[in-house]
There are 2 protein chains.
Amino acid sequence: MRQAADLNCPPSIDAQQALTRAETLCQQRGARLTELRRRVLEIIWNSATPLGAYTILDMLRDDGRQGAPPTVYRALDFLLAQGLIHRLALLNVFTGCRRPGSHHGGQFLICRDCGRVSELSNPAIDELLRAETDARGFEVLAQTVEILGRCPDCLKEPAHHG
Amino acid sequence: MRQAADLNCPPSIDAQQALTRAETLCQQRGARLTELRRRVLEIIWNSATPLGAYTILDMLRDDGRQGAPPTVYRALDFLLAQGLIHRLALLNVFTGCRRPGSHHGGQFLICRDCGRVSELSNPAIDELLRAETDARGFEVLAQTVEILGRCPDCLKEPAHHG
DNA sequence: TAATAAATGTTATTTTATAACATAACATCG
DNA sequence: CGATGTTATGTTATAAAATAACATTTATTA
């Protein structure tokens, strides 16, 4: 079972690949990945940890760009709709999707201490959830599976630094 | 498979039972279920749908009680810590726990249209998630499994009324 | 009853998100 | 090209959710 993760997960992609892939996908769909939207996606991918909307806004302003909350939220809405990012409901933050294109739920391990996130995609979990919803005649619109805890790296430390 | 839900779920409890059970549990633990905390739990259980913190606050004020946001959030924190309620991260609302006592994650089906929530407790899902976290050496602190969609009742209607 | 701890009251503020309307950029058709 | 409609962004204001910080009250126990 030690390699279950690697078997289940497609290879991780980096920021550059993610941006290229986003452009391709949007072109195919006739969706407009404008400069603003592309920049927001880039900011998200360049971060080691998921970012909140206002952090992204600050970074846009650092670019010299003007903006207000709606600027960011509209770009985020677009990226969410295109399946290019995920929103982590537990922390109100946004992270790049490692499997762009397939609109999926995904499963997330969020480290409370370092803030880093692993995106799983265990098909068995998706199937069980689908079985439950199917059995109930419940139509799924969005799926949120998030585990908050402590990652192996942070567990090595004496306690959570603070 | 039509009865999977019933097999997995303990029998539903009503508001009266939930309050009685909460009192027993708190007494056993030496936790103080004060009048305020009890009333908040009651408000939550008397609602057909999960409630937001400010809605609960309004209801407390309807009681003639004084209060401000911290009044509610502190009571909610207590009830969460005792495993008597759940917080649904997708909607920022709170709902009574159908399995009080066992600190568990649970899985929730949330109807976008009527707001009603079903709490599942499928052990297989919990096991798969635990297998994933174990394989990664990830310590779990909290688990969130929420499905947003449309319940069978609302699916019968022509479309979502609006 | 005095001392301590726990719970609640109170004011202010922070953080997250959206409403509403104005302007600018882009497309496409004549 | 220039008019027209659509999409995207700018802008101001506000709503909604959550917490910080400190005062007061209530309960517990010494």
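Just the heavy atoms: all of them, side chains too, but no hydrogens, waters or symmetry mates, feed the values below. Lettering follows sequence order; numbering is per chain, from 1.
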For atom [atom1] of [X] and atom [atom2] of [N], their distance in whole Å:
| X | N | atom1 | atom2 | answer |
| --- | --- | --- | --- | --- |
| B/Leu33 | C/dT8 | CG | C1' | 15 Å |
| B/Arg65 | D/dT25 | CZ | P | 17 Å |
| B/Arg38 | C/dT8 | CZ | P | 14 Å |
| B/Asp77 | C/dA6 | CG | P | 16 Å |
| B/Arg61 | C/dG9 | CZ | C1' | 12 Å |
| A/Glu35 | C/dA25 | CD | P | 12 Å |
| A/Leu36 | C/dA25 | CG | P | 14 Å |
| B/Leu57 | C/dT8 | CG | C1' | 13 Å |

Exercise. Between the side chain of B/Arg37 and the main-chain N/O of B/Arg32, is any donor-acceptor distance below 3.5 Å?
Worked result: yes
Exercise. Are the side chain of A/Ser47 and the backbone of A/Ile43 linked by a donor-acceptor contact shorter than 3.5 Å?
Worked result: no
For this session: Side-chain contact test, heavy atoms from C-beta onward, threshold under 4.5 Å: evaluate it for A/Val140 versus A/Arg130 and give yes or no.
Result: no
For this session: Please examine the side chains of A/Glu132 and B/Asn122, heavy atoms only from C-beta on, and report whether any two atoms are closer than 4.5 Å.
Result: yes
Please enumerate all protein N or O atoms sitting under 3.5 Å from an N or O of nucleotides 10-17 of chain C, with distances to 0.1 Å.
| residue | atom | partner | partner atom | Å |
| --- | --- | --- | --- | --- |
| C/dT10 | OP2 | B/Gln66 | OE1 | 2.8 |
| C/dA17 | OP1 | A/Arg87 | NH2 | 2.4 |
| C/dA17 | OP1 | A/Asn92 | OD1 | 3.4 |
| C/dA17 | OP2 | A/Tyr73 | OH | 2.8 |
| C/dA17 | O5' | A/Tyr73 | OH | 3.3 |
| C/dA17 | N7 | A/Tyr54 | OH | 2.4 |
| C/dA17 | N6 | A/Tyr54 | OH | 3.2 |

Exercise. Quick one: is A/Thr34 getting a side-chain N or O under 4.0 Å of the D/dT9 phosphate, OP1 or OP2?
Worked result: yes
For this session: Compare side-chain N and O positions of A/Arg37 against OP1 and OP2 of D/dT9 and report whether any pair is under 4.0 Å apart.
Result: yes
For this session: Search all heavy atoms of A/Gly96 against all heavy atoms of A/Ile44 and return the closest pair with its distance.
Result: N-CG2, 3.4 Å
For this session: Looking only at non-hydrogen atoms, find the nearest pair between B/Arg87 and B/Glu146 and report the distance.
Result: O-OE2, 3.9 Å
